[in-house]
*Asks:* 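Have a look at the structure that comes next, please.
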Amino acid sequence: MNTSALRPAVPLLVLIIAGCIIAAIGNGVRTSFGLFTLPMTADLGLSREQWGMAMAIQNLAWGITQPFAGAFADRVGTARTVAVGAMIYALGVLGMAFSPDAGLMTLTAGVVTGVGIAICSFSVVMAAFGRSVPAEKRTLIFGVATAASSFGQFAFAPISQGFINAFGWQSALLYLGMALLLIIPLSYALRGRTENPVGEADLPFMQALSKAWGHGSYRLLVIGFFVCGFHLAFINVHMPAYLVQCGLSPEVGSWTIAVIGLFNIVGSLLAGYYGGKLPKQMLLATIYLLRAIAIGAFLLIPVSEITAYAFAAAMGLLWLSTVPLTAGLVSLFFGARYMGMLYGVAFFSHQLGSFVGVWLGGFVYDQTGSYSLVWYLAIVLGLASAALHIPINERKAPNFVLKAA
């Protein structure tokens, strides 16, 4: 094995800092889209379902593209992949500003933006981290990357709301699109691709995918990740509008999203730390159970600024804390060689959940004038996902280990 190929092309600290900034910008812009729900639907005459469909298509396009983006980065290099993704992402956001109807909004905000997010997402960044750090430290580093993306959510929520208030939603989107272009020079630090370590199988794309799906623990992990996407996308897109419906100001909605991002920094770092010390599958089961409890408590207590921020803090601790644990299990099952592709497959399930959560939120609201049914479904799904993770076996998949001659 050529061990130099496994070392990053730049110092590890530089790679991690650049990757974290990329994750913060990419996730920060994406998680601010919920703040545009009310002004854009009002000005463009879109129904809540039409807006929700555009955001749902975005998540679906992200999910469909992610495995291929991960495989492409594994094969040809992370830097080129992320740079191309940033250009597509920026093009989609800029296109949103000039989309006057539901059809164009679905194309720009949905398809183009979703594809761009996938190609420069922190999932691709984490694959670069995974090939550059020892196996025993990967879950911790994944937690750091996830925390960085959460800081982007915390930072961009009030900034985006300030842009909307000061300049209008159209100019705000133009500024966010330009911010995404900063990712292109930062991606240079991530150059390099994943090599195949000694003792691990080197399989074609479809064969690796087939063998991975035959691993029962991976199937449970992928199915359970659907629920994470459902929770995050529904809350991120519809929570600001829900709080306005409950009599609170739009600023409370923006700060609620920011509080989720702030507390998610803590939750992601804790998940990364404890994921190296405790069974990852049991930590995941606990996270999904606590989410169900937090949502149930939020529905039982009258909504106010205090309860909104308290719920945001609780959900923030549980928000993306699933990501370093899920990514850690994928890396453990199959090794760093297939990290980008097979985590991308798991993330496709996550994005299917996002699609359902965003679209169903808009559909149920238009039909009933309330989000209550979706909140109740979120509780049920949280309990189901907790049960799914308990049987997962934390060991390497046998089909991805070469037998000694």
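From a predicted model like this one, the values you see are computed outputs, not experimental measurements.
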*Asks:* Would you say the ring centers of Trp375 and Tyr242 fall short of 6.0 Å from each other?
*Replies:*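 That pair passes the under 6.0 Å test.
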*Asks:* Say whether, by atom type as modelled, one donor and one acceptor occur between the side chain of Arg30 and the main chain of Thr113 under 3.5 angstrom.
*Replies:*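 Checking the backbone N and O of Thr113 against the side chain of Arg30, no donor-acceptor pair under 3.5 Å is found.
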*Asks:* What about Phe167 and Tyr175, are their ring centers closer than 6.0 Å?
*Replies:*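 Distance test on ring centres: under 6.0 Å, yes.
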*Asks:* If every non-hydrogen atom of Ala61 is compared with every non-hydrogen atom of Val111, which pair is closest and at what distance?
*Replies:*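 Between these two residues, the closest heavy atoms are CB-O, 3.9 Å.
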*Asks:* Are His215 and Phe333 an aromatic pair, judged by ring center distance below 6.0 Å?
*Replies:*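 Between Phe333 and His215, the centre distance is under 6.0 Å.
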*Asks:* Taking Tyr288 for its side chain and Leu388 for its backbone only, find out whether a donor-acceptor pair lies under 3.5 Å.
*Replies:*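 Between the backbone of Leu388 and the side chain of Tyr288 there is no qualifying donor-acceptor contact (under 3.5 Å).
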*Asks:* Do Phe234 and His238 have ring centres separated by under 6.0 Å?
*Replies:*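 Judged by ring-centre distance (under 6.0 Å), Phe234 and His238 do meet the cut-off.
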*Asks:* Ser331 side chain to Gly328 main-chain N or O, any donor-acceptor pair under 3.5 Å?
*Replies:*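 No, because the side chain of Ser331 does not come within donor-acceptor range (under 3.5 Å) of the backbone of Gly328.
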*Asks:* Of Ile223, Leu329, Val330, which is the lone residue that meets side chain to side chain contact (heavy atoms under 4.5 Å, CB included) with Tyr218?
*Replies:*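 Going through the options one by one, the only one that passes is Val330.
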*Asks:* Check Trp169, Phe33, Phe36 against Met96 for a side chain to side chain contact (heavy atoms under 4.5 Å, CB included) and give me the one that passes.
*Replies:*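 Only one of Trp169, Phe33, Phe36 forms a side chain to side chain contact (heavy atoms under 4.5 Å, CB included) with Met96, namely Phe33.
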*Asks:* Sort out for me which residue in Ile25, Ile22, Asn27 forms a side chain to side chain contact (heavy atoms under 4.5 Å, CB included) with Ser149.
*Replies:*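 By the side chain to side chain contact (heavy atoms under 4.5 Å, CB included) criterion, Ser149 pairs with just one of Ile25, Ile22, Asn27: Asn27.
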*Asks:* Is it true that Phe347 and Trp62 have ring centroids separated by less than 6.0 Å?
*Replies:*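 Phe347 vs Trp62: aromatic centres under 6.0 Å.
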*Asks:* So, Ser354 side chain and His350 main chain: donor-acceptor pair closer than 3.5 Å or not?
*Replies:*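 Side chain of Ser354 to backbone of His350: a pair is present.
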*Asks:* Please check if the side chain of Gln58 supplies one atom and the backbone of Ala109 the other of a donor-acceptor pair under 3.5 Å.
*Replies:*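 Confirmed, Gln58 side chain pairs with Ala109 backbone.
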*Asks:* For Gly168, is there any backbone N or O sitting under 3.5 Å from a side-chain donor or acceptor partner on Ser171?
*Replies:*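 No.
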*Asks:* Hey, does the side chain of Gln161 reach the backbone of Glu251 with a donor-acceptor pair shorter than 3.5 angstrom?
*Replies:*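 Checked: no pair found.
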